[in-house]
Amino acid sequence: MQTTGAGSLRLSKQASRPQLQSRATTALSLADVHRNPNWLDPNSLQSSPASRAVSRKQSFTHLGRLAGNASDADDSASLRSFAPTLDARLDGESMLGDLPGHHATPAWKALSASIERDDPFDAALAEDDFLSVRIQQELTNLDSITENGSNEEHLLETWKVKLKHFFILSASGKPIYSRHGDDQLISHYIGVVQTLLSFYQSAHDPLRGFTAGETRFVVLSKGPLNLVAVSRLRESDGQLRTQLESLYMQILSTLTLPSLERMFSNRPSTDLRRPLQGTDILLDGLADGFTRGSPSTLLSALECLRLRKSHRTVINDTLLKVRSANLLYGLIVAAGRLVSVVRPKKHSLHPGDLHLIFNMLFEAGSVKAGGGENWIPICLPGFNNTGFLYMYVSFFSTSERGHDPEVERSTSAGKDDELAIVLISADKESFFELRKMRDELVVQLDRNGSMAIIKTAIRKGHASCSDIVPGTVLRHFLYKSRGNVQFAMPSFEPHFHGLVARRKLMSLYDNLHQSIHSRTAHLKVQHCIAYDATALALETPLFELYCVAGQSASRAALAQGANRVVQWIRREEERVFIIGGAVF
Amino acid sequence: MSSRKKILLKVIILGDSGVGKTSLMNQYAQSAYKMNGSPNVTQVNKKFSASYKATIGADFLTKEVLVDDRLVTMQLWDTAGQERFQSLGVAFYRGADCCVLVYDVNNSKSFDTLDSWRDEFLIQASPMDPESFPFVVLGNKVDVDESKRMISSKRAQAFCQSKGGIPYFETSAKEAVNVEQAFEVIARNALAQEESQDFNPDFPETIPINIGEENQGCSC
């Protein structure tokens with residue numbers, strides 16, 4: 001890890017920072033806390049008076065702490081160097097906590113003070129940063145064990161440093177799915193898990209989770225399946241359990257619940273990998289999404305493509321006009337964002353089901369690889385976990401050339417095929433009917449200009465935070481409309497480039513979400529200050545809002561930014577959210 | 001390699017403490033590199049885990065073998081014979097494809113308890129058809145001097161016969177006698193058990209959803 005020159009200084013600083021652990025701040029007033037961005041203190045997350053009363057162990061310093069483990073520069077770290085604006089009036093001792101042995105060298109202090117701190121999120125992205133290496137390798141797949149087993153130890157090492165694992169095993173302890181590592185590598189770990197689960201099950205006290213070092217294990221038992229999440233990203237049990245629920249729903253969407261139960265009641269030793277063959281790619285897509293951080297899963301909400309109300313109305317009307325008799329749901333989806341939906345009055349769409357569809361279409365890539373036109377039996381467990389629906393999927397290029405339905409259907413999907421029409425029916429014989437509807441829909445959308453409008457909106461992408469709220473200190477936000485089960489957010493750019501910054505941002509959101517949703521803390525507003533960011537979370541019966549700004553933003557500026565986001569949403573509600581949709 | 005689906009088999013090994021269950025597993029794990037197996041069963045890989053026996057009462061070995069043309073992953077569940085682990089719980093035994101009962105031919109008590117190990121397994125695992133569930137009995141430590149032998153081959157075979165013709169092997173984990181042959185039969189019988197109840201999963205049954213109700217609200 002050690003390099004020379006300026007690079008090593010920065011590395012040491014970042015790597016060692018999180019090793020520092022301290023008690024809750026005793027800062028006397030909020031203002032003091034503001035002026036002393038205090039990454040050192042995990043509890044500084046909850047620095048508002050209301051929240052400080054609530055004791056919490058979680059912090060988002062963990063990402064860095066992991067990095068620190070590998071650095072031998074820790075001891076040279078300076079506590080003070082990370083709070084260069086430390087106010088002398090504060091009680092330094094308690095601010096820094098009891099950390100015997102961690103004393104700053106004068107040289108280090110001087111160097112740290114001179115390090116530019118304009119955008120610590122970006123600074124954390126230095127290529128030599130240990131964490132970024134770690135996260136970037138997180139999603140790479142392990143090789144298989146060679147015939148003579150010579151690479152086994154190497155694989156095991158690679159496997160063990162993964163920050164996150166998902167395992168699915170049958171109630172008899174047979175492996176069904178693992179994000180990393182094949183049977184050869186994981187089978188005996190699965191045995192260990194099963195033995196532990198069995199022990200607690202026979203005591204009628206099922207194991208729900210445990211911690212080993214910095215690693216959290218969460219177990220979800222669903223009938224004949226046990227699902228286990230292993231995370232070093234400090235997600236809450238609730239968040240990990242939501243992720244496991246989603247993997248479970250993916251399995252149901254392949255098999256249906258009655259079929260799954262029948263297989264295991266007929267034969268407890270069922271090796272479920274066989275009926276699930278080919279769906280690993282979907283589970284991987286979901287798992288990797290969770291590891292990268294998914295606002296949609298965190299909030300259990302959908303994101304929509306922002307369109308003018310009048311434009312969306314035209315699209316909705318078009319959908320209704322061309323709706324065929326056996327259609328259950330019709331969706332127009334742009335790169336994971338919903339453009340429009342047509343649905344029966346009595347049935348809304350479950351966000352979890354839509355997540356499965358979006359994952360299948362846009363993350364896993366398996367459907368796109370099949371070309372422009374697909375017919376997929378799928379169980380949508382949120383809608384009905386006992387049977388299959390039939391899904392007609394057709395992809396479109398978002399480039400500006402015109403459409404010939406016949407031609408587009410037959411050409412295979414390209415890289416920019418981000419737009420999909422999804423038509424779902426309960427009738428398995430309705431392929432030709434839905435294809436006809438799709439063709440008509442495309443003709444109509446082209447004719448009334450909607451297709452061009454959709455494609456333009458897709459190409460524009462997310463608006464940046466400063467476009468939405470000019471001049472704000474906010475760098476990113478998540479706004480969830482509770483009534484609509486939808487959320488809105490700005491682009492990750494320009495402040496959060498790449499996987500690492502995005503993962504850090506999502507960890508921050510995870511934390512805010514956790515605090516707001518904790519059963520013991522009835523927080524309505526939460527203000528957090530950390531080394532590299534300040535954040536504000538607030539909830540009302542109508543919405544949840546999570547805002548993130550740079551580390552020097554004041555609480556007032558954050559609050560002002562939050563208010564302006566709320567105003568923007570209020571103004572744009574019918575653009576950023578689908579309200580009602582096309583209902584028949 | 002053919003695209004034929006791999007099968008994972010769960011095999012549980014039971015028997016008193018000290019009869020050599022772990023040694024048998026070790027021996028089997030190492031046999032991968034000796035290549036002296038029968039032409040039909042070839043060990044292609046091995047994996048021997050760290051020991052968990054002292055802490056959770058079980059150890060695990062994963063090994064891929066070819067049985068005829070089928071690639072099979074053997075997931076061996078080795079148990080601690082001690083009293084304190086004697087009930088590992090239903091979920092430990094559930095869904096096993098074969099159960100291996102081990103005793104020490106020089107220890108008559110370990111032979112006498114075979115029946116209760118078998119009962120324990122049948123109670124806990126409650127297989128669909130207990131009569132035909134595949135067991136294999138191994139009489140281990142045949143390398144020890146004949147004068148110390150307590151259980152004759154004849155007596156063991158009579159026991160196995162009385163339990164519905166359980167295959168019986170006399171083994172020495174220490175000197176690698178009969179270990180591979182025994183595990184070959186274990187793999188075959190487990191595979192046969194697995195396939196006897198085969199369920200055709202390729203096309204899960206379609207359950208039609210009645211959407212009549214949904215369409216009632218239609219007013220378009």
Side-chain angles (χ1 to χ4, degrees), chain A residues 145 147-149 152 170-175 183-192 194-203 254-256 258-259 262-264 266-275 277 320 323 326 328 344-347 377 383-384 386-389 425-428 584, chain B residues 5-10 32-33 44-50 52 56-64 73-77 87-97 125-128 190 193-194 197-202 204-211 213-220:
Chain A
I145 292 182
E147 290 243 337
N148 61 7
E152 193 174 325
S170 74
S172 70
K174 288 194 176 185
D183 287 346
Q184 284 283 303
L185 207 60
I186 62 150
S187 188
H188 66 280
Y189 289 107
I190 296 292
V192 173
Q194 181 64 15
T195 307
L196 293 173
L197 295 180
S198 178
F199 177 80
Y200 285 93
Q201 270 174 25
S202 50
T254 309
L255 298 175
T256 76
S259 159
R262 198 170 51 240
M263 274 187 256
F264 280 100
N266 284 348
R267 189 167 55 147
S269 69
T270 296
D271 186 350
L272 201 65
R273 292 171 314 163
R274 284 184 282 163
Q277 209 177 33
L320 285 172
R323 180 177 74 87
N326 282 307
L328 178 61
K345 202 173 182 177
K346 287 188 177 174
H347 290 278
F383 168 74
N384 182 329
T386 67
F388 286 101
L389 298 172
S425 171
D427 177 5
K428 69 175 168 185
F584 59 89
Chain B
K5 298 158 186 169
K6 265 207 262 182
I7 295 178
L8 189 129
L9 300 172
K10 175 176 177 178
Y33 303 109
V44 295
N45 223 319
K46 68 118 190 179
K47 166 92 218 119
F48 197 61
S49 67
Y52 300 97
I56 62 171
D59 269 344
F60 307 91
L61 172 75
T62 307
K63 181 154 172 156
E64 280 193 358
T73 306
M74 301 266 281
Q75 190 191 29
L76 301 174
W77 298 49
S87 189
L88 285 159
V90 172
F92 185 87
Y93 297 95
R94 185 196 289 136
D97 296 298
S126 53
M128 295 287 282
Q193 155 78 7
E194 217 271 353
Q197 305 160 345
D198 211 5
F199 172 86
N200 179 11
D202 291 339
E205 207 174 308
T206 296
I207 303 150
I209 291 173
N210 181 8
I211 57 162
E213 188 202 353
E214 286 107 71
N215 288 339
Q216 281 170 11
C218 178
S219 59
C220 48

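In the text below, chain A, chain B and the rest are named by the order of the sequence lines, each starting its count at 1.
- Atom CG of B:Leu8 and atom CG of A:Leu272 lie 12.0 Å apart (nearest 0.5 Å).
- Taking every heavy atom of both residues into account, B:Phe92 and A:Ser198 meet most closely at N-OG, 3.0 Å.
- The two residues A:Thr195 and B:Phe60 come nearest to each other via the heavy atoms OG1-CZ, 3.1 Å.
- Contact check for B:Gln75 versus A:Pro175: side-chain heavy atoms found under the 4.5 Å cut-off.
- Contact detail for B:Gly95 and A:Ser269: the closest heavy-atom pair is O-CB, 3.0 Å.
- Side-chain atoms of B:Lys10 come within 3.5 Å of backbone N or O of A:Ser172 as a donor-acceptor pair.
- Of the two parts of A:Leu196, only the side chain, counted from C-beta on, holds a non-hydrogen atom closer than 4.5 Å to a non-hydrogen atom of chain B.
- The main-chain N or O of A:Pro268 is never found under 3.5 Å from a side-chain atom of B:Arg94 such that the two would form a donor-acceptor pair.
- Using a 4.5 Å heavy-atom threshold, the side chains of A:Arg274 and B:Ile7 count as touching.
- Contacts with chain B were tallied for A:Gln201, A:Gln194, A:Lys174; A:Lys174 has the most, counting heavy-atom pairs under 4.5 Å.
- Chosen from A:Thr270, A:Ile190, A:Ile186, A:Asp271, the residue pairing most often with chain B at heavy-atom distances under 4.5 Å is A:Asp271.
- B:Thr62 and A:Ser187 make their closest contact through OG1-CB, 3.1 Å (heavy atoms, listed as atom of the first residue, atom of the second, distance).
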